[in-house]
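Working notes, structure below.
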Amino acid sequence: MVNSPRIVSVTILDEGTVHIHDEPLAVPAGANADQVVMNYLHLEAAGHGHPITVHIDDRRHHIQASLVVNPDGTHETSNQPVTGPGLQLDEIHTLTMSGHLDEATRHADGLLLQWSTDPALGPAHPHTLEAAETRAHLAWIRVDYSYAYRAWSWIAAAWRERYGLWSEQDPHDHTHCRRIAIATSNAAAAWMRMPSQTAAALGEDILTLLHRNSGNSRTPAGQRIRDRLAELRTGCPRELTSE
């Protein structure tokens with residue numbers, strides 16, 4: 001039997017660009033990159049006949065985590081027990097409240113990666129999106145507004161893709177609309193606090209997000225974004241600080 005490498009290194013650059021040990025892995029057109037990677041890793045573990053340790057660098061969502069992939073096709077976050085979704089998130093919240101932000105962030109990254117690649121859940125599952133919301137809040141607390149912006153933008157788009165802007169079955173239930181609105185508002189707030197150069201490059205993106213999720217970017221939030229964009233374009237940027 002050929003021994004497996006000590007650690008399998010996986011880098012996901014985008015939906016169609018994946019490298020394993022710096023070698024490209026083909027992702028068929030229209031296929032899910034996460035599932036292609038997990039299928040490959042499950043086959044490799046089965047071929048070796050024992051669990052393999054995998055380090056994943058997912059640059060789409062700026063997540064790094066380690067997994068143990070088993071020959072039977074299951075996997076779990078390395079050194080992290082698999083428990084119920086609520087319990088795992090509660091543990092992260094407890095770490096956050098006690099000031100252990102590095103550890104909370106590491107666990108949130110691992111949980112988000114685990115659930116987004118789990119065939120039973122996936123990146124748009126409510127559990128996964130709740131984990132993403134927790135990670136976005138951690139980024140805000142750590143004054144990492146660029147990450148928070150990217151995370152909340154992705155969360156807003158994922159909620160919209162999953163549920164739409166309103167429910168045809170129950171148009172009076174606005175729970176899902178509120179989720180989309182909150183994520184969009186948080187993305188806009190994070191953009192307002194991003195460094196000038198990065199914010200300028202993403203100004204049109206956040207305006208598009210506002211328009212797509214509300215049907216109108218001519219809102220107070222949209223006007224604040226336009227005002228800051230005007231300042232950036234005239235070379236007189238005004239940086240915001242957290243209160």
Side-chain angles (χ1 to χ4, degrees), residues 1-80 82 105-125 127-129 131-132 135-136 138-139 144 146-162 187 194 197-198 201-202 204-206 208-209:
M1 179 182 299
V2 178
N3 291 328
S4 66
R6 186 175 181 183
I7 296 180
V8 178
S9 174
V10 177
T11 303
I12 305 176
L13 298 176
D14 54 45
E15 289 300 328
T17 311
V18 175
H19 291 87
I20 297 183
H21 284 310
D22 297 323
E23 294 293 330
L25 175 67
V27 179
N32 182 285
D34 295 325
Q35 195 58 56
V36 170
V37 168
M38 294 312 301
N39 288 343
Y40 177 95
L41 295 173
H42 289 154
L43 287 173
E44 181 157 327
H48 289 296
H50 58 76
I52 59 175
T53 299
V54 183
H55 178 74
I56 298 182
D57 181 4
D58 187 344
R59 299 184 186 177
R60 299 168 302 174
H61 310 306
H62 299 270
I63 295 171
Q64 293 186 352
S66 294
L67 300 178
V68 173
V69 179
N70 302 308
D72 64 0
T74 61
H75 65 274
E76 60 191 70
T77 305
S78 179
N79 299 323
Q80 181 178 347
V82 179
T105 299
R106 180 172 61 81
H107 280 282
D109 282 342
L111 191 61
L112 182 56
L113 180 62
Q114 178 184 343
W115 288 349
S116 65
T117 58
D118 187 337
L121 298 175
H125 192 278
H127 289 336
T128 307
L129 296 178
R135 181 62 179 88
L138 277 164
D144 186 354
S146 294
Y147 184 103
Y149 167 78
R150 290 189 297 267
W152 284 117
S153 297
W154 172 61
I155 292 164
W159 281 124
R160 185 187 67 247
E161 180 69 20
R162 184 175 181 86
M194 288 169 62
Q197 186 174 358
T198 308
L202 295 171
E204 294 303 321
D205 289 347
I206 185 59
T208 298
L209 183 71

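All residue numbers refer to positions in the sequence shown, counting from 1.
- Counting all heavy atoms, side chain and backbone alike, L138 lies closest to A108 at CD1-CB, 3.9 Å.
- A heavy-atom distance below 4.5 Å is not found between the side chains of I20 and E23.
- Residues V8 and H55 fail the side-chain proximity criterion, which asks for heavy atoms closer than 4.5 Å.
- Scanning both residues, P71 and P51, for their nearest heavy atoms gives CD-N, 3.7 Å.
- Residues V36 and A26 come closest through the heavy atom pair CG1-O, 3.7 Å.
- In terms of heavy-atom proximity, A33 sits nearest to V27 at CA-CG1, 4.3 Å.
- Remark: the backbone N or O of L113 is paired with a side-chain donor or acceptor of S116 at under 3.5 angstrom.
- Counting heavy atoms from C-beta outward, N39 and L41 have side chains that stay 4.5 Å or more apart.
- No side-chain heavy atom of V18 sits less than 4.5 Å from a side-chain heavy atom of Y40.
- Using modelled atom types, no side-chain atom of D118 and backbone atom of Q114 make a donor-acceptor pair closer than 3.5 Å.
- A distance-only check finds no donor-acceptor pair linking the side chain of T117 to the backbone of D34 [under 3.5 Å].
- For the atom pair CG (L202) and CD (Q197), the distance works out to 11.0 Å, reported to the nearest 0.5 Å.
- V69 and H42 get closest at one heavy-atom pair: CG1-CD2, 3.2 Å.
- Remark: S9 OG to I56 CD1 distance equals 9.5 Å, nearest 0.5 Å.
- Put simply, the residue from I12, L25, L13, D57 that forms a side chain to side chain contact (heavy atoms under 4.5 Å, CB included) with H19 is L13.
- Rounding to the nearest 0.5 Å places CG of L43 at 11.0 Å from CE of M38.
- Atom OG1 of T198 sits about 8.5 Å away from atom CZ of R150, to the nearest 0.5 Å.
- The closest side-chain heavy-atom distance from W115 to P123 is not below 4.5 Å.
- At most 12 non-hydrogen atoms from other residues, nucleotides or ligands lie less than 6.0 angstrom from CG of D22.
- The two residues A151 and A136 come nearest to each other via the heavy atoms CB-CB, 3.7 Å.
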Side chain to side chain donor-acceptor pair (under 3.5 Å) evaluation trace for T17 with D14: CA-CA 5 Å; T17 311; D14 54 45; 2.8 Å; yes

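- Counting heavy atoms from C-beta outward, M194 and Y149 have side chains that approach closer than 4.5 Å.
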